[in-house]
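Shown next, in structure tokens, is the structure this report addresses.
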Amino acid sequence: MNDTNAARAVTETAPADSHKVVPGDPGGGLLILCDHASRRMPPEYRDLGMPAAELERHIAYDIGAGALSEELAERLDAPAVLTQFSRLLIDPNRGEDDPTLVMRISDGAVVPGNARIGADERARRLERFYRPYHRKVSETIDQMIETGRPPVIFSVHSFTPDWKGTRRPWHAGILWDKDPRLPLPLLEALRGEHGLRIGDNEPYTGALAGDTLYRHGTLRGLAHALVEVRNDLISTASGIAEWAERLEALLRPLLANEELYEIRHYGSHADAQA
């Protein structure tokens with residue numbers, strides 16, 4: 001995968017505002033999701049009044065995550081659903097009632113186009129971007145369950161190496177809630193890789209009520225895990241290929257565990273906190 005293809009995988013214009021689907025084997029047992037795959041802004045939003053340089057940053061999308069998701073989906077012949085809009089418009093990895101659903105300030109950057117957003121515009125973005133993505137995820141899960149093999153959900157994100165002046169020490173992290181079936185063996189496998197420092201629910205927690213994996217994994221009893229890769233490690237084609245190869249090699253034997261394809265309801269730490 002060359003640099004041109006890596007960039008195109010993230011930035012190309014999709015036929016729909018909301019999402020794109022990478023085809024794969026619906027009976028293969030793996031569904032890949034990428035909530036923050038694109039920095040795309042529909043022209044009428046005029047980049048939300050932000051300088052072009054800000055839209056190159058992690059505040060607009062998860063750098064490298066879209067290309068990594070597509071590469072991994074191709075290698076594993078797994079269906080994938082990826083957003084095709086910037087999370088500055090609306091964040092699909094939040095519940096609809098989450099106060100951070102539409103950010104007015106993100107990592108110190110003011111978002112002028114969100115400053116005075118009202119209920120009508122919020123509802124418009126939910127209908128145009130957020131809900132179609134989640135409907136497609138639900139439909140894809142339904143189709144995969146119909147094959148007789150409920151899918152394991154693997155969500156791909158990336159994080160910035162520094163946050164508010166503090167260097168983050170991890171190369172990657174696995175985020176999870178109460179269902180240990182995929183996260184724990186994946187953590188062990190990644191920690192067995194030479195030279196890697198892997199976070200357990202770092203740099204974020206995997207227990208967030210209303211987020212994508214809560215909605216499509218926890219509530220439906222499907223095994224799931226979220227990988228966060230430090231974005232400087234997947235900002236080039238070579239980095240994307242390295243991490244796709246690594247994750248493919250680690251996931252293949254783990255996915256042979258038939259317990260992953262049983263529907264089990266573990267609940268959520270987020271529910272207990274509420």
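Considering only heavy atoms from C-beta on, I234 stays 4.5 Å or farther from I63 through its side chain. In this structure, the side chains of R40 and D17 come closer than 4.5 Å at one or more pairs of heavy atoms. Side-chain contact between L33 and Y133 is present, with at least one heavy-atom pair separated by less than 4.5 Å. Looking at heavy atoms from C-beta onward, H19 lies in side-chain contact with P132 at the 4.5 angstrom threshold. When side chains are defined from C-beta on, T147 does not count as touching I145, because their heavy atoms never get closer than 4.5 Å. V156 is listed as a side-chain neighbour of I32, based on a closest heavy-atom distance under 4.5 Å. Annotation: side chain of L101 is not in contact with side chain of R125 (no heavy-atom distance under 4.5 Å). Side-chain contact between V152 and L222: absent, with no pair of heavy atoms (C-beta onward) separated by less than 4.5 Å.
The existence of a salt bridge linking R57 and D107 is confirmed by a sub-4.0 Å separation between a basic side-chain nitrogen and an acidic carboxylate oxygen. Ionic pairing of R124 and E44 is not present here: no N-O contact between side-chain nitrogen and carboxylate oxygen is shorter than 4.0 angstrom. Salt bridge status for R135 with E139: absent, with no side-chain N to carboxylate O gap under 4.0 Å. Electrostatic pairing of D142 and R220 counts as a salt bridge here, judged by a charged N lying under 4.0 Å from a carboxylate O. Ion pairing between a basic and an acidic side chain is recognised when a charged N comes within 4.0 Å of a carboxylate O; R197 and E202 show no such pairing.
Under a hydrophobic clustering in which Ile, Leu, Val, Met, Phe, Trp and Tyr are joined whenever their side-chain heavy atoms come within less than 4.5 Å, directly or via other members, L184 and L186 fall into the same cluster. Residues L260 and L213 are members of separate hydrophobic clusters, defined by side-chain heavy-atom contacts under 4.5 angstrom among Ile, Leu, Val, Met, Phe, Trp and Tyr. Hydrophobic cluster membership is shared by V137 and I263, with clusters built from Ile, Leu, Val, Met, Phe, Trp and Tyr side chains linked at under 4.5 angstrom. Hydrophobic clustering, with ILVMFWY side chains joined whenever heavy atoms are under 4.5 angstrom apart, keeps L89 apart from Y61. Residues M41 and I59 are members of one and the same hydrophobic cluster, defined by side-chain heavy-atom contacts under 4.5 angstrom among Ile, Leu, Val, Met, Phe, Trp and Tyr.
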Inset, instruction - Decide side chain to side chain contact (heavy atoms under 4.5 Å, CB included) for R264 and E259; before the verdict, give the C-alpha distance in whole Å, the side-chain angles of both, and the deciding distance to 0.1 Å. - result: CA-CA 9 Å; R264 298 182 181 177; E259 290 186 358; 3.7 Å; yes
Legend entry - Check against salt bridge (Lys or Arg N to Asp or Glu O under 4.0 Å), D35 and R87: CA-CA 8 Å; D35 297 322; R87 64 176 166 202; over 6 Å; no
Inset, instruction - Quick one: do E121 and V102 satisfy side chain to side chain contact (heavy atoms under 4.5 Å, CB included)? Show the steps, please. - result: CA-CA 11 Å; E121 176 57 26; V102 178; over 6 Å; no
Inset, instruction - I would like to know whether Y130 and D91 meet side-chain hydrogen bond (donor to acceptor under 3.5 Å, both in side chains); could you show each step before the answer? - result: CA-CA 7 Å; Y130 180 106; D91 192 336; over 6 Å; no
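Among pairs with a residue in residues 66-125, those fulfilling ring pair (Phe, Tyr, Trp, His ring centres under 6.0 Å) read F85-F129, at least two apart in sequence or across chains. For residues 180-193, the side-chain hydrogen bond (donor to acceptor under 3.5 Å, both in side chains) pairs, not counting sequence neighbours, are D179-R181, E193-R246. The ring pair (Phe, Tyr, Trp, His ring centres under 6.0 Å) analysis of residues 170-212, with sequence neighbours excluded, yields no pairs.
Ring-plane geometry between W163 and H58 is classed as perpendicular, the angle between the planes exceeding 60 degrees on a 0 to 90 degree scale with a lower cut at 30.
The CG atom of L55 sits 7.5 Å away from atom CG of L48, with the distance rounded to the nearest 0.5 Å. Here OG of S18 is found 11.0 Å from CG of L82. Values are rounded to the nearest 0.5 Å. Atom-to-atom distance recorded for W243:CH2 and E71:CD is 15.0 Å, nearest 0.5 angstrom. Once rounded to the nearest 0.5 Å, the distance linking OG1 of T212 with CG of L226 reads 8.5 Å. The line from CD of E228 to CG of L175 is 5.5 Å long, rounded to the nearest 0.5 Å. Here the OG1 atom belonging to T205 is positioned 8.0 Å from the NE2 atom belonging to H269, to the nearest 0.5 angstrom.
Without hydrogens or angle criteria, Y266 side chain to D177 main chain gives no donor-acceptor distance under 3.5 Å. Looking at N114, its side chain does come within 3.5 Å of a backbone N or O of L88 through a donor-acceptor pair. For the pair S38 (side chain) and T83 (backbone), a donor-acceptor distance under 3.5 Å is absent. Between the side chain of D47 and the main chain of G49, no donor-acceptor pair closer than 3.5 Å is present. Of the possible donor and acceptor atoms, one in the side chain of H134 sits under 3.5 Å from a partner among the backbone N and O of P92. Proximity of a side-chain donor or acceptor of T140 to a complementary backbone N or O of K136 within less than 3.5 Å is detected. Between the side chain of S106 and the backbone N or O of A109, no donor-acceptor pair lies under 3.5 Å. Judged by distance alone, the side chain of D62 and the main-chain N or O of A37 form no donor-acceptor pair under 3.5 Å. Not one N or O on the side chain of R104 forms a donor-acceptor pair closer than 3.5 Å with the backbone of V111.
The side chain to side chain donor-acceptor pair (under 3.5 Å) test applied to R116 returns no partner, not counting sequence neighbours. R149 pairs by the salt bridge (charged side-chain N to carboxylate O under 4.0 Å, His left out) definition with E258, not counting sequence neighbours. Partners of D232 by side chain to side chain donor-acceptor pair (under 3.5 Å), not counting sequence neighbours, listed by chain and number: R230.
In this structure, a donor-acceptor pair under 3.5 Å is absent between the side chains of S86 and R39.
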